[in-house]
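Notes follow once the structure below has been shown.
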Amino acid sequence: MTPGSQGPPPGSGGPPAERRIRVLIADDEPLVRGGVRAILATDPQIEVVGEAGDGHEAVAAVAATRPTVALLDIRMPRLDGLGACQEILRLVPETKVVILTTFGEDAYISDALTAGASGFLLKASDPRELLDAVRAVADGAAYLSPRVAHRVIGALRGGPAPSPDATERIAGLTDREREVLTLVGAGSSNAEIARRLYLTEGTVKGYVSAILAKVGADNRVKAAILAYEAGLR
């Protein structure tokens, strides 16, 4: 493990330690790690606490540093990102995992979400998406790269008949909550939902929290999967 920066020193004007988003970067390519670190350094609220070159190193580094967010490449030697994701969430469940990869195949997306990842981001994404993803999952939400969300939406459109169990779980939602959940299932961010439904972003965030509580979903990704299973498209 390569130790990361320790954040801004006292009195430097940076955010207090308890408000910083602590991030671990795991990728077997040092240049990629350096690029990701440089992008994250543009946000003073984000502190890189360590780096890892393979999945085993990532698991050990997370256990040692307990970051808010772990950014994991899928294809790494010894233990891949999916295996590392499962082990990290078993050992340190409060750490959120974002899969960062050059590969956007549907199998990887499905496997990452099944493994418990809170986000899936392509390395070809705009650097602002990386910052948005880290902030979103640190805030308890989920994040899918728009290009990944497009693939998921395509799968939803051709999906199977609604599951009776999923239909029962959303039965207690109001009409407005169903609208919000449908857009969550389509991969929309809170800001996008707010624009679409003419609501404030804070109101949408309140709706999402209420929906998660009503349907018994731990996070936004599981709510999106439930929307798919319930036939909300």
Side-chain angles (χ1 to χ4, degrees), residues 1-7 20-43 46-127 129-138 140-145 147-149 151-152 218-222 225:
M1 180 183 73
T2 302
S5 68
Q6 298 304 308
R20 287 202 292 272
I21 301 171
R22 306 172 70 251
V23 177
L24 178 121
I25 304 167
D27 195 299
D28 57 334
E29 298 184 44
L31 282 177
V32 172
R33 297 200 304 269
V36 171
R37 177 187 279 270
I39 293 170
L40 297 179
T42 64
D43 186 333
I46 297 175
E47 175 188 6
V48 176
V49 296
E51 297 181 8
D54 62 50
H56 284 307
E57 284 189 6
V59 173
V62 167
T65 62
R66 308 184 84 81
T68 318
V69 179
L71 294 173
L72 306 180
D73 184 25
I74 278 189
R75 289 190 174 181
M76 293 189 289
R78 300 207 298 158
L79 179 65
D80 66 20
L82 298 177
C85 174
Q86 292 176 310
E87 189 65 6
I88 285 170
L89 295 179
R90 185 182 71 81
L91 294 174
V92 190
E94 63 270 26
T95 291
K96 308 298 182 185
V97 172
V98 173
I99 298 296
L100 182 63
T101 181
T102 55
F103 306 95
E105 289 87 347
D106 293 347
Y108 280 129
I109 300 168
S110 175
D111 289 348
L113 299 181
T114 300
S118 296
F120 195 102
L121 196 64
L122 302 181
K123 289 179 180 175
S125 302
D126 187 295
E129 289 183 30
L130 174 62
L131 296 171
D132 289 344
V134 168
R135 295 177 192 130
V137 301
Y143 189 94
L144 294 179
S145 167
R147 289 169 60 182
V148 173
R151 288 173 176 269
V152 174
D218 296 336
N219 56 50
R220 198 180 181 102
V221 171
K222 290 183 179 177
I225 293 172

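The analysis underlying the following values was restricted to heavy atoms, covering all of them including side chains, and did not include hydrogens, waters or symmetry mates. Numbering of residues begins at 1 and proceeds along the displayed sequence.
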When rounded to the nearest 0.5 angstrom, what is the spacing between [atom1] in [X] and [atom2] in [Y]?
{"X": "T68", "Y": "L24", "atom1": "OG1", "atom2": "CG", "value": "11.0 Å"}
{"X": "L82", "Y": "I99", "atom1": "CG", "atom2": "CD1", "value": "5.5 Å"}
{"X": "D54", "Y": "D73", "atom1": "CG", "atom2": "CG", "value": "11.0 Å"}
{"X": "R22", "Y": "T95", "atom1": "CZ", "atom2": "OG1", "value": "8.5 Å"}
{"X": "L121", "Y": "Y143", "atom1": "CG", "atom2": "OH", "value": "6.5 Å"}
{"X": "E51", "Y": "R33", "atom1": "CD", "atom2": "CZ", "value": "5.0 Å"}

Query raised in the report: Under the salt bridge (Lys or Arg N to Asp or Glu O under 4.0 Å) test, which residues partner K222, sequence neighbours left out?
Result: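 Partners of K222 by the salt bridge (Lys or Arg N to Asp or Glu O under 4.0 Å) criterion, ordered by chain and then number, come out as D218.
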
Query - Set of residues satisfying salt bridge (Lys or Arg N to Asp or Glu O under 4.0 Å) with respect to D80, sequence neighbours excluded - result: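 Not a single residue meets the salt bridge (Lys or Arg N to Asp or Glu O under 4.0 Å) criterion with D80.
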
Query raised in the report: Taking the side chain as C-beta and beyond, is there a heavy-atom pair between L100 and D27 under 4.5 Å?
Result: no

Query raised in the report: Side chains of V134 and L71: closer than 4.5 Å at any heavy-atom pair?
Result: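 Yes - at least one pair of side-chain heavy atoms lies under 4.5 Å apart.
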
If you compare all heavy atoms of [X] against all heavy atoms of [Y], which two are closest, and at what distance to 0.1 Å?
{"X": "F120", "Y": "V98", "result": "N-CG1, 4.5 Å"}
{"X": "V62", "Y": "A70", "result": "CG2-CB, 4.1 Å"}
{"X": "A142", "Y": "A136", "result": "O-CB, 4.3 Å"}
{"X": "A115", "Y": "C85", "result": "O-SG, 3.7 Å"}
{"X": "S118", "Y": "A141", "result": "CB-O, 4.2 Å"}
{"X": "V49", "Y": "P67", "result": "CG2-CB, 4.0 Å"}

Requested in this report: Name all residues meeting the side chain to side chain donor-acceptor pair (under 3.5 Å) criterion together with D126; count only those two or more places apart in sequence or in a different chain, and write none if there are none.
Outcome: R128

Query raised in the report: D111 and I74: side chain to side chain contact (heavy atoms under 4.5 Å, CB included), yes or no, with the steps?
Result: CA-CA 10 Å; D111 289 348; I74 278 189; over 6 Å; no

Query raised in the report: Does any pair with a residue in residues 82-92 pass salt bridge (Lys or Arg N to Asp or Glu O under 4.0 Å), and if so which ones, sequence neighbours excluded?
Result: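 For residues 82-92, and leaving out neighbouring residues, the salt bridge (Lys or Arg N to Asp or Glu O under 4.0 Å) pairs sorted by first residue read E87-R90.
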
Query raised in the report: Please, which pairs that meet salt bridge (Lys or Arg N to Asp or Glu O under 4.0 Å) have at least one residue in residues 59-68, sequence neighbours excluded?
Result: R66-E94

Query - Heavy-atom donor-acceptor pair, T102 side chain to K123 backbone, under 3.5 Å - result: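 Pair absent, no side-chain N/O of T102 close to backbone of K123.
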
Report task. For L131, check side chain to side chain contact (heavy atoms under 4.5 Å, CB included) against everything at least two apart and list the hits. Result ->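 Residues passing side chain to side chain contact (heavy atoms under 4.5 Å, CB included) with L131: I39, L40, T42, D43, I46, R135.
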
